[in-house]
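Remarks on the structure that follows.
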Amino acid sequence: MKKSEKFDAHIRTTLTRRHTKETLGNPDTYTILQPSADFDFLDENCMYYDIEFRIVRIRLDNGTYICIATNLSGEEFPLDEINKLYRMRWSEETSFRELKYTIGLINWAIK
């Protein structure tokens with residue numbers, strides 16, 4: 001794929017920590033999380049977690065690209081609409097990112 005082409009992919013996977021014949025043999029269906037990865041939805045009572053999202057690539061004004069993970073549907077929010085929405089929110093997103101790093105929230109977790 002050329003870098004200038006649009007990118008919009010729907011991802012559907014099942015997260016797990018289990019290393020079974022089923023999970024190891026079906027990498028298109030299962031994503032195995034490392035034991036050190038924080039993910040509170042997997043525990044001894046819940047071994048599998050289904051997740052769906054979109055990955056879209058948007059070209060910025062300076063010619064570089066960013067990739068965005070979103071749960072907005074492709075039917076209701078085509079790539080051009082996602083681009084428009086994120087351009088409107090970009091200053092807020094970067095402000096929140098800087099704030100998280102400044103006050104140390106990047107490593108903060110609710111226990």
Side-chain angles (χ1 to χ4, degrees):
M1 173 184 292
K2 293 179 183 177
K3 200 167 193 173
S4 61
E5 292 181 29
K6 293 182 179 181
F7 182 83
D8 189 350
H10 181 259
I11 308 295
R12 178 181 294 151
T13 190
T14 300
L15 303 176
T16 187
R17 295 190 195 281
R18 302 197 64 188
H19 289 82
T20 65
K21 190 175 185 179
E22 173 71 17
T23 60
L24 293 169
N26 293 292
D28 292 337
T29 303
Y30 297 99
T31 299
I32 300 172
L33 298 181
Q34 296 298 318
S36 60
D38 288 333
F39 193 74
D40 293 340
F41 299 101
L42 292 176
D43 58 24
E44 60 277 348
N45 298 318
C46 179
M47 300 291 182
Y48 302 96
Y49 187 86
D50 294 328
I51 189 168
E52 293 185 50
F53 54 94
R54 276 170 79 193
I55 302 291
V56 297
R57 183 174 57 206
I58 295 174
R59 186 169 191 232
L60 301 177
D61 292 336
N62 66 6
T64 62
Y65 292 84
I66 60 165
C67 290
I68 297 170
T70 183
N71 62 351
L72 298 175
S73 78
E75 293 174 4
E76 293 180 60
F77 296 93
L79 188 56
D80 291 338
E81 187 68 17
I82 295 283
N83 191 350
K84 179 180 159 187
L85 291 170
Y86 275 85
R87 284 180 185 273
M88 290 178 357
R89 285 196 44 84
W90 193 248
S91 61
E92 287 84 1
E93 295 292 338
T94 55
S95 294
F96 280 124
R97 183 186 69 213
E98 290 174 17
L99 178 62
K100 286 190 300 188
Y101 278 95
T102 300
I103 64 175
L105 284 178
I106 196 71
N107 296 315
W108 185 71
I110 298 173
K111 298 287 181 179

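- Taken to the nearest 0.5 Å, the CD1 atom of Ile82 stands 10.5 Å off from the CD atom of Glu76.
- The local environment of CD in Glu52 is crowded, with over 12 non-hydrogen atoms from other residues, nucleotides or ligands closer than 6.0 Å.
- Remark: side-chain polar atoms of Arg54 are paired, donor with acceptor, to backbone N or O of Leu72 under 3.5 angstrom.
- Thr13 and Thr31 form a side-chain donor-acceptor contact under 3.5 Å, judged by distance and modelled atom types alone.
- No continuous path of hydrophobic side-chain contacts links Ile32 to Leu42 [ILVMFWY only; heavy atoms under 4.5 Å].
- Atom CG of Asp8 sits about 10.0 Å away from atom OG1 of Thr70, to the nearest 0.5 Å.
- For the pair Thr20 and Thr23, the tightest heavy-atom approach, listed with the atom from each and the gap, is N-OG1, 2.9 Å.
- We find the CD1-NE2 distance between Ile55 and His10 to be 10.5 Å, quoted to the nearest 0.5 Å.
- The OG1 atom of Thr64 lies 11.5 Å from the CD1 atom of Ile58; values are rounded to the nearest 0.5 Å.
- Residues Tyr86 and Ala69 share a closest heavy-atom pair of OH-O, 4.4 Å.
- Of the possible polar contacts, none joining the Arg18 side chain to the Tyr48 backbone as a donor-acceptor pair under 3.5 Å is found.
- Between Phe39 and Tyr49, the distance separating the two ring centers is shorter than 6.0 angstrom.
- Placement of Tyr30 and Leu15 in two distinct hydrophobic clusters is found when ILVMFWY residues are connected by side-chain heavy-atom separations under 4.5 Å, directly or transitively.
- With hydrophobic clusters built from ILVMFWY side chains whose heavy atoms lie under 4.5 angstrom apart, Leu24 does not share a cluster with Leu33.
- Here Thr14 contributes atom OG1 and Asp28 contributes atom CG; the two are 11.5 Å apart, rounded to the nearest 0.5 Å.
- Within the 3.5 Å criterion, the main-chain N or O of Met47 finds no donor-acceptor partner in the side chain of Arg17.
- Taken to the nearest 0.5 Å, the CG atom of Asn83 stands 11.0 Å off from the CZ atom of Arg59.
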